[in-house]
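Heads up, the thing below is written out as structure tokens.
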Amino acid sequence: DGISTPISASLRVRKDSVIWVSLSALLGVEIARVLITPDSLQIINRLKSTYWKGSIKNVQDKFGIPFRYNDLQNILLGQVNFLKSIRFKAAIQKDNYFLTSKNKNSSFEANLWVDHRFLPSQYDLQFKDGRLIQVEYQKFEKHAARWMPSQIRLLLNSIKDQMAATFKYSKITID
């Protein structure tokens with residue numbers, strides 16, 4: 001509803017196993033906790049004293065987005081290996097490599113921009129009905145010989161609503 005709310009989050013990822021997020025408002029008061037596994041999602045809303053548990057399939061049905069655990073994990077880690085099953089056409093656009101899949105038989109179009117280090121700079125998944133998932137990697141830093149995103153902008157457009165979030169990682173620890 002056009003409201004911007006700064007929230008701090010503690011995010012932990014155990015690869016291919018679990019994503020744990022603790023969300024805090026001003027003064028460090030926890031407002032919510034989220035636990036995501038490959039097949040389920042659990043949310044504790046501390047502000048309303050409510051708890052919700054459901055399957056990843058429930059989330060897919062509710063929001064109409066083909067959401068999988070590995071997709072979210074890869075977005076958070078700046079990896080694009082969730083595109084293996086999509087055929088792309090390649091071009092060079094400004095200083096980036098541009099990959100696009102314009103398959104008439106598909107319900108979506110995927111566009112990927114990759115920088116000179118072969119790190120993703122932006123990924124768009126545009127559905128024919130107008131829905132959009134856009135991930136923009138605004139900054140990368142090297143940690144333990146790996147490039148990790150340190151700032152990500154996520155935009156989700158449904159047919160009725162739009163949500164944008166910017167993630168700024170302040171501390172990254174690997175293993």
Side-chain angles (χ1 to χ4, degrees), residues 7-23 32-43 54-91 93 96-103 106-127 131-158 162-175:
I7 295 174
S8 296
S10 179
L11 170 72
R12 296 174 189 228
V13 178
R14 178 171 286 156
K15 191 160 172 65
D16 300 329
S17 178
V18 67
I19 298 171
W20 177 83
V21 184
S22 174
L23 302 169
R33 190 173 291 176
V34 180
L35 182 71
I36 305 167
T37 65
D39 58 356
S40 69
L41 174 68
Q42 300 174 46
I43 301 171
S55 71
I56 295 296
K57 179 80 171 113
N58 294 135
V59 176
Q60 291 173 339
D61 294 342
K62 180 173 178 144
F63 296 104
I65 296 174
F67 166 79
R68 295 178 318 182
Y69 174 86
N70 286 338
D71 297 337
L72 178 60
Q73 173 182 270
N74 291 335
I75 287 170
L76 294 172
L77 299 177
Q79 300 173 345
V80 292
N81 57 357
F82 56 96
L83 303 172
K84 288 179 183 176
S85 62
I86 302 173
R87 292 184 169 233
F88 285 94
K89 292 180 183 176
Q93 203 177 68
N96 288 318
Y97 298 101
F98 175 64
L99 304 168
T100 186
S101 73
K102 292 185 179 180
N103 184 346
S106 179
S107 62
F108 63 87
E109 176 183 317
N111 296 309
L112 173 65
W113 290 263
V114 180
D115 70 13
H116 67 281
R117 298 170 295 185
F118 296 104
L119 297 173
S121 56
Q122 185 172 320
Y123 175 68
D124 294 351
L125 192 58
Q126 178 74 54
F127 294 85
R131 292 175 293 144
L132 170 70
I133 301 170
Q134 183 180 74
V135 182
E136 183 181 341
Y137 295 98
Q138 298 175 327
K139 196 183 228 183
F140 276 88
E141 294 177 1
K142 202 163 198 177
H143 294 274
R146 292 185 194 162
W147 286 101
M148 297 291 296
S150 60
Q151 189 167 327
I152 302 169
R153 183 180 165 275
L154 178 65
L155 176 67
L156 300 173
N157 279 347
S158 70
Q162 180 180 36
M163 185 200 77
T166 300
F167 301 91
K168 294 179 185 177
Y169 298 166
S170 58
K171 180 183 175 187
I172 297 173
T173 306
I174 297 176
D175 296 334

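Every heavy atom of this structure was used, including side-chain atoms; hydrogens, water molecules and symmetry mates were not.
Looking at every heavy atom in both residues, S17 comes nearest to P38 through O-CD, 3.1 Å. Here the shortest heavy-atom pairing between L155 and A164 reads CD1-CB, 4.0 Å. In this structure, Y137 and N74 approach most closely via the heavy-atom pair OH-O, 3.9 Å. Heavy atoms only, all atoms of each residue included: G78 and P120 are closest at O-CG, 3.4 Å. The shortest heavy-atom contact between R117 and F140 is NH2-CB, 4.4 Å. The two residues V21 and A9 come nearest to each other via the heavy atoms CG1-CB, 4.1 Å.
Residues I75 and Y123 are not in side-chain contact: their nearest non-hydrogen atoms beyond the backbone lie 4.5 Å or more apart. With a 4.5 Å cut-off on side-chain heavy atoms, F127 and I133 count as touching. For the pair I36/I56, a side-chain contact is recorded, criterion being any heavy-atom separation below 4.5 Å from C-beta on. Counting heavy atoms from C-beta outward, Q126 and N111 have side chains that stay 4.5 Å or more apart.
Under the 3.5 Å distance criterion, the side-chain polar atoms of Q122 are left unmatched by any main-chain donor or acceptor of Q134. Judged by distance alone, with hydrogens and angles left aside, the side-chain atoms of Y69 form no donor-acceptor pair with the main-chain N or O of S40 at under 3.5 Å. In this structure a side-chain-to-backbone donor-acceptor pair under 3.5 Å is present from S101 to A110. One N or O on the side chain of N58 and one on the backbone of S55 form a donor-acceptor pair closer than 3.5 Å.
To the nearest 0.5 Å, atom CD of residue E109 and atom CG of residue L132 are 10.5 Å apart. Here the CG atom belonging to L112 is positioned 5.0 Å from the CG atom belonging to L99, to the nearest 0.5 angstrom. Taking CG from L119 and CE from M148, the interatomic distance works out to 11.0 Å, rounded to the nearest 0.5 Å. Annotation: the span from Q151 atom CD to Q138 atom CD amounts to 4.5 Å, rounded to 0.5 Å. With values rounded to the nearest 0.5 angstrom, T37 atom OG1 is found 7.0 Å from Q42 atom CD. If you take NZ on K168 and CD1 on I152, they are separated by 12.5 Å, rounding to the nearest 0.5 Å.
Classified by interplanar angle (parallel below 30°, tilted 30° to 60°, perpendicular above 60°), the ring pair W113/F98 is tilted.
Within a 6.0 Å radius of CZ in R14, other residues, nucleotides and ligands contribute 12 heavy atoms or fewer.
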